[in-house]
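For the numbers below, each heavy atom of this structure counts, side chains included, while hydrogens, waters and symmetry mates do not. Residue indices begin at 1 and follow the sequence shown.
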Amino acid sequence: MAALIIDLRQLAWLLGGFVAALAGAMLLPIGLALGTDRAGLGGLLQALLLTALGALLLLGLGYRRRRRELRQREAVLLVVLIWLAVCGFGALPFHFSPYYAGFTDAVFEATSGFTTTGATVLADVDRLSQPLHLWRTLSHWLGGMGIVVLGLAILPLIGQGGSGLYRAEFSGAMAERLRPRIVETARSLWKIYLLLTATLFLCLLAAGMSAFDALCHAFSTLGTGGFSTRTASIAAYHSPVIEYLLILFMLLAGISFIQHFRLFVERQPQAVLRDYELRAYLLLIGCAAAVISASLVLQDQQAWEPALRAALFQVVSIVSSTGFVTADYAAWQPLAQLLLLLLMFVGGCTGSTAGGLKVARAALMVRLIHREFRRIAEPQGVFRIHLGGAAIPEGTVSGLLNLVFLAWMLLIAGSLVLAASGVDVLTALSAVIACQFNIGPGLGGVGPMAHYGGLSPLAKWTLSFCMIAGRLEFYTLLVLFTRPFWRH
């Protein structure tokens, strides 16, 4: 039998660095608790202590291990371990608080936070303490750009293994090296991310939000997560100005950060406007918002401006996978509900913080179907698929079909597990779709005005798995369940 070819000690050393960084992030809600609500300080300190001990243990296991370039499969395994560790240790502040029923609920909330899904088990979000609100939304912000990219930007211990991590985190996302070194790439992306977050914070502050609410919603928006400090989400503010601001920044968060780099750093607006995926993304949002707003005006007798604003907000929120709500779209016409459900599959642009299959992949699927029609009509013809003026390699097409197949298989398997636990069909299907594509609210029992707290522990663990699988675009996680991955 072939030997295992993964250096676990080196992975322990690298993983320990990420867990230590997570412990550092916990200092922010602890600092807020010291200044505001000391009642929850003990739980936060317990979480910090256990996370720091976990980091020290992992670093100790890999101490003095000779560093080398990570192999591809080691990078893939490390990415998965990072997400599991972050979701596990990140659940501790919730677990040691009085607001969550048990460790299962805490893990579900943390996984939803770091994967930027935004699904919650809480029926009443308003009763949370400010430090926990900050931790929930901070998890979105850190997970949005990616825990791995954060580590590449701030942890020098990665070294030359950074390129393997970068490929594993953005598998299939057509990642580009914006700078000669991967660390410089990550830092460039984080600077843009920080600039957009600070800009939205100031805008929300000027629009009437409190400083704390503005900060939390800026974290959730740019991370495309959707956790809010209010149970009613954005509907609680009754402010068209706030809604339009969030529409704009959710739209920006759903655009590839490669395009942000070209616009803000390289000053090439023409190159950004020529991007095929960006134009398809904007066209998709415009058409969907027009159809839904027309449905609200004609069938629900709403005035045109509130109808257009509600439709545009919800379409952008779903496509960007943010999950904020301003209206109970479960009460809208079936056409609008079905359209929003289909948009959950598509998601935002590749290289953005959004979830979903991504717009470029959806466009490629349309081109692939068109090619098959041409092959039927012209059996002797040889046809290449072009997207944005570039020919798409057949390997990319094959990879796309496999990815879609994996997504559908996970959807079917997850829905069957939820149905077996007693969940109705609509709720089971929409919950798995909303979680594996990192949307958050679904339909039925997990609709925009509902929550996931009533599901069984089995359903919550299944959906947590779906969230991580979707965040890692299926391949990175599911390949660990194959025998060839672990052997020569």
Side-chain angles (χ1 to χ4, degrees), residues 118 125 196 199-210 213-214 216-255 278 281-344 346-349 352 354 356 359 434 439-443 447-450:
V125 174
L196 290 174
T199 304
L200 177 58
F201 167 73
L202 294 175
C203 290
L204 292 175
L205 201 60
M209 271 193 184
S210 67
D213 281 6
C216 288
H217 285 91
F219 283 161
S220 289
T221 303
L222 270 301
T224 62
F227 278 156
S228 175
T229 56
R230 306 291 184 91
T231 302
S233 191
I234 307 304
Y237 293 96
H238 305 288
S239 171
V241 175
I242 290 176
E243 291 175 22
Y244 280 121
L245 280 172
L246 292 177
I247 288 171
L248 173 62
F249 280 87
M250 286 190 295
L251 192 73
L252 292 174
I255 296 173
L278 175 58
Y281 170 73
L282 296 176
L283 179 63
L284 176 68
I285 290 173
C287 292
V291 171
I292 294 177
S293 60
S295 170
L296 295 176
V297 170
L298 297 175
Q299 298 180 358
D300 294 346
Q301 303 301 310
Q302 293 189 21
W304 73 268
E305 192 280 330
L308 177 60
R309 174 162 35 93
L312 186 60
F313 187 97
Q314 218 51 69
V315 167
V316 174
S317 180
I318 293 296
V319 170
S320 66
S321 78
T322 306
F324 284 142
V325 294
T326 57
D328 184 6
Y329 58 77
W332 288 358
Q333 296 295 326
L335 172 63
Q337 293 184 48
L338 181 59
L339 191 54
L340 290 175
L341 189 65
L342 294 175
L343 292 175
M344 292 181 186
V346 180
C349 299
S352 71
V359 174
I439 307 297
L443 293 170
M449 298 302 170

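- Across Leu312 and Ala289, no two heavy atoms sit closer than the pair CD1-CB, 3.9 Å.
- Tyr329 places no side-chain N or O within donor-acceptor distance of the main-chain N or O of Ala310, the cut-off being under 3.5 Å.
- Looking at residues two or more places apart in sequence or on another chain, you find a side chain to side chain contact (heavy atoms under 4.5 Å, CB included) between Val346 and Leu284, Val359, Ala362.
- Residues passing the ring pair (Phe, Tyr, Trp, His ring centres under 6.0 Å) test with Tyr237 are His217, sequence neighbours excluded.
- A distance of 10.0 Å separates OG in Ser210 from CG in Leu204, rounded to the nearest 0.5 Å.
- Atom CD1 of Ile318 is separated from atom CE of Met344 by 4.0 Å, given to the nearest 0.5 angstrom.
- Between Ala354 and Gly254, the closest heavy-atom pair is CB-CA, 4.2 Å.
- In terms of modelled atom types and a separation under 3.5 Å, the side chain of Ser233 and the main chain of Val325 share a donor-acceptor contact.
- Although no hydrogens or angles enter the test, the distance criterion places no donor-acceptor pair under 3.5 Å between the side chain of Thr326 and the main chain of Ala235.
- Rounding to the nearest 0.5 Å gives a distance of 12.5 Å between CG of Leu251 and OG1 of Thr221.
- Contacts of Ser220 classified as side chain to side chain contact (heavy atoms under 4.5 Å, CB included), with partners at least two apart in sequence or in another chain: Thr137, His140, Phe227, Phe324.
- Taking CE from Met449 and CG from Asp328, the interatomic distance works out to 5.0 Å, rounded to the nearest 0.5 Å.
- The heavy-atom pair separating Val319 from Tyr281 by the smallest distance is CG1-CE1, 3.6 Å.
- Here the straight-line distance linking atom CG of Leu222 with atom OG of Ser320 works out to 10.5 Å at 0.5 Å rounding.
- Summarising the geometry, atom CG belonging to Leu338 is positioned 10.0 Å from atom CD1 belonging to Ile292; distances are rounded to the nearest 0.5 Å.
- Scanning both residues, Ser352 and Ala253, for their nearest heavy atoms gives CB-O, 3.5 Å.
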